[in-house]
Amino acid sequence: MNVRRTLKKNSDFRRLYARGKSAATPYLVLYCRPNRRAENRLGYTVSVKLGHAVVRNRVRRRLREIVRLNEPALKQGFDMVVVARGRSVNAPYRKLEASFLDACGKLGLLREENA
RNA sequence: AGAGCAAGCUGAACGACCGCGGGCACAGGGCGAAAGCCCGUGCAUGAGGAAAGUCCGGGCUCCGCAGGGCAAGGAUAACGGGUAACGCCCGCCAGGGGUGACCCUCGGACAAGUGCAACAGAAAUAGACUGCCGCAGCUUGCUGCGGUGAUGGUGGAAAGGUGGGGUAAGAGCCCACCCGUCGCGUGGAGACACGUGGACGCUGUAAACUCUAUCCGGAGCAACACCGUGGUAUGGGGACAUACAGGCCGGCCCGGCCGUCCCCAGGAGGUGGCUUGAGCCUGUCGGCAACGACAGGCCUAGAUAGAUGGUCGUUUUCAAUGACAGAACCCGGCUUACAGGCUUACUCUUCAU
RNA sequence: UGGGAUGUAGUGUAAUGGUAACACACCGGACUUUGACUCCGAUAUAGUGGGUUCGAGUCCCGCCAUCCCAG
């Protein structure tokens, strides 16, 4: 994963939570906001409430993989934060992926030819 | 064969496609004066036995070592050894449990002092309710005084235990045996064991205060060092002032500081620290063992919003859609969690030879 | 990373190592034509597992959960 495409600072996350548009599904919540760049920047939030370190790592890796494999279908130029909810711990991969695409569709992030 | 006990090991393997971290290489591409940076390609490599909890002990770094002393506080606790050190490990002793292999025990001192021991019981560390005995009195079966812990019920614990002698009745008052403490002798490295019978017979509790012995300066990799930004606060240095009181430096004493002026440092971000170490593997030797010595070989994550994932196939399996679980400066332990599997030694019962 | 605290009826709090107390709530009963008030009664694995002690909510140790503080 390209380092420049990840959100790292706490201030970036706070700005998205406060001013970004959001879409919720049973497994995750997606925030997004235009960033005036040529590419997308992604951030992931997996709370300590979801479980111990092994569980949190697995959830974050699956979310990252979903974003990576669906990158060609997304519009560019947005900051996005994916927040995992409690049900995503035991969710099958296919349902998580469908949930992510559903949230992107609600926010209008999918390219027209793929939507 | 069944049941059990102890120690140790393991914690799926292989393959395909798409991806990730750091490392090395490149006569590849881009930027740059260069150092180098970015992209690309290739190669090998990339979480645990507990990485966990953060309960002990150390390494390392800084502060303090003009700060010192005392007090306080904390930790440990049979004995011998191992270790860098430990509250850890090994061996052994004592006590307890089990037919046995074996297992369990925060195991110094209550015979220095203080405290506590509810309820019950006459009485809780020392006083006489029922009894027994003696003396005195008189109403002749009661009263008073005294002796007695042997008897009765209580209690976790009742004044060493059992038997005999003795006595008015009794009592280690005396005797025999037993138990314990101290002393002596023998064995042992020691705790201790055995013997002896000279002295003694003392409630329990120190995970109650306390005493004894030993150890402990403080903080932590967000330490710390360097580059860099640089306005206040704040910190450091120098000069001047420094009578009393008060405050601060974790308690007390000595000691230091407090105010003004000048100079310097001082909010982003980055690099190092960062993995070669009390290291791992194999063999020989010493030791009952923990462990140690020697020889040979090996280099085995180093991230910084944090790298192992996704989709499948094959094999082993009752089960592989995985038990407990993710390095964050590094080691030695402890504690706790854990699906399943394997190995070795030993014990008991039954059967066969 | 370091330090500290707490866990007791459904809830909020007490108790010197010796019968777990109080208030509110809930439940049952009494009173009332009925309800409220009032009165009576009932309700506790003491977070969990061990240990010390004659005896543990209290003392000691391990674990679990929650909360707080500093960077």
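Chain identifiers are assigned alphabetically (A, B, ...) following the order of the sequence lines, protein sequences preceding nucleic acid strands; residue numbering begins at 1 within each chain. The model shown is predicted, which means the values in this text are computed figures rather than measured ones.
Between the CD atom of A/Glu97 and the C1' atom of B/G19 there is a distance of 15 Å, given to the nearest Å. Between A/Asn57 atom CG and B/U308 atom C1' there is a gap of 10 Å when expressed in whole angstrom units. B/G310 atom P lies 15 Å from atom CG of A/Asn70, rounded to whole Å. Rounding to whole angstrom units, CZ of residue A/Arg62 and P of B/A307 are separated by 16 Å. In this structure, A/Arg61 places its CZ atom 16 Å from P of B/G46, rounding to the nearest Å.
The pairing partner recorded for B/A222 is none, the criterion being a Watson-Crick or G-U wobble arrangement whose two distances lie under 3.5 angstrom.
At the phosphate of B/A307, OP1 or OP2 sits under 4.0 Å from a side-chain N or O atom of A/Arg60.
How far OH of A/Tyr31 is from NZ of A/Lys21: 14.5 Å, rounded to the nearest 0.5 Å.
Take A/Ala98 and apply the side chain to side chain contact (heavy atoms under 4.5 Å, CB included) test, not counting sequence neighbours, and it matches no residue.
Of the charged side-chain nitrogens involved, at least one lies within less than 4.0 Å of a carboxylate oxygen, so that A/Glu97 and A/Arg94 count as a salt-bridged pair.
Helical stems in RNA chain C, defined as runs of 3 or more consecutive Watson-Crick or G-U wobble pairs with both donor-acceptor distances under 3.5 Å, are listed by first residue as C:1-7 with C:64-70, C:10-13 with C:21-24, C:27-30 with C:38-41, C:47-51 with C:59-63.
With B/A47, B/G19, B/G306 as the choices, the nucleotide that has an atom nearest any side-chain atom of A/Arg64 turns out to be B/G306. The listed nucleotides are B/U311, B/G326, B/G309; the one nearest the side chain of A/Tyr93 is B/U311.
A heavy-atom distance below 4.0 Å to RNA chain B is reached by none of the residues of residues 98-106 of chain A.
Not a single donor-acceptor pair under 3.5 Å links the side chain of A/Lys106 to the backbone N or O of A/Thr25.
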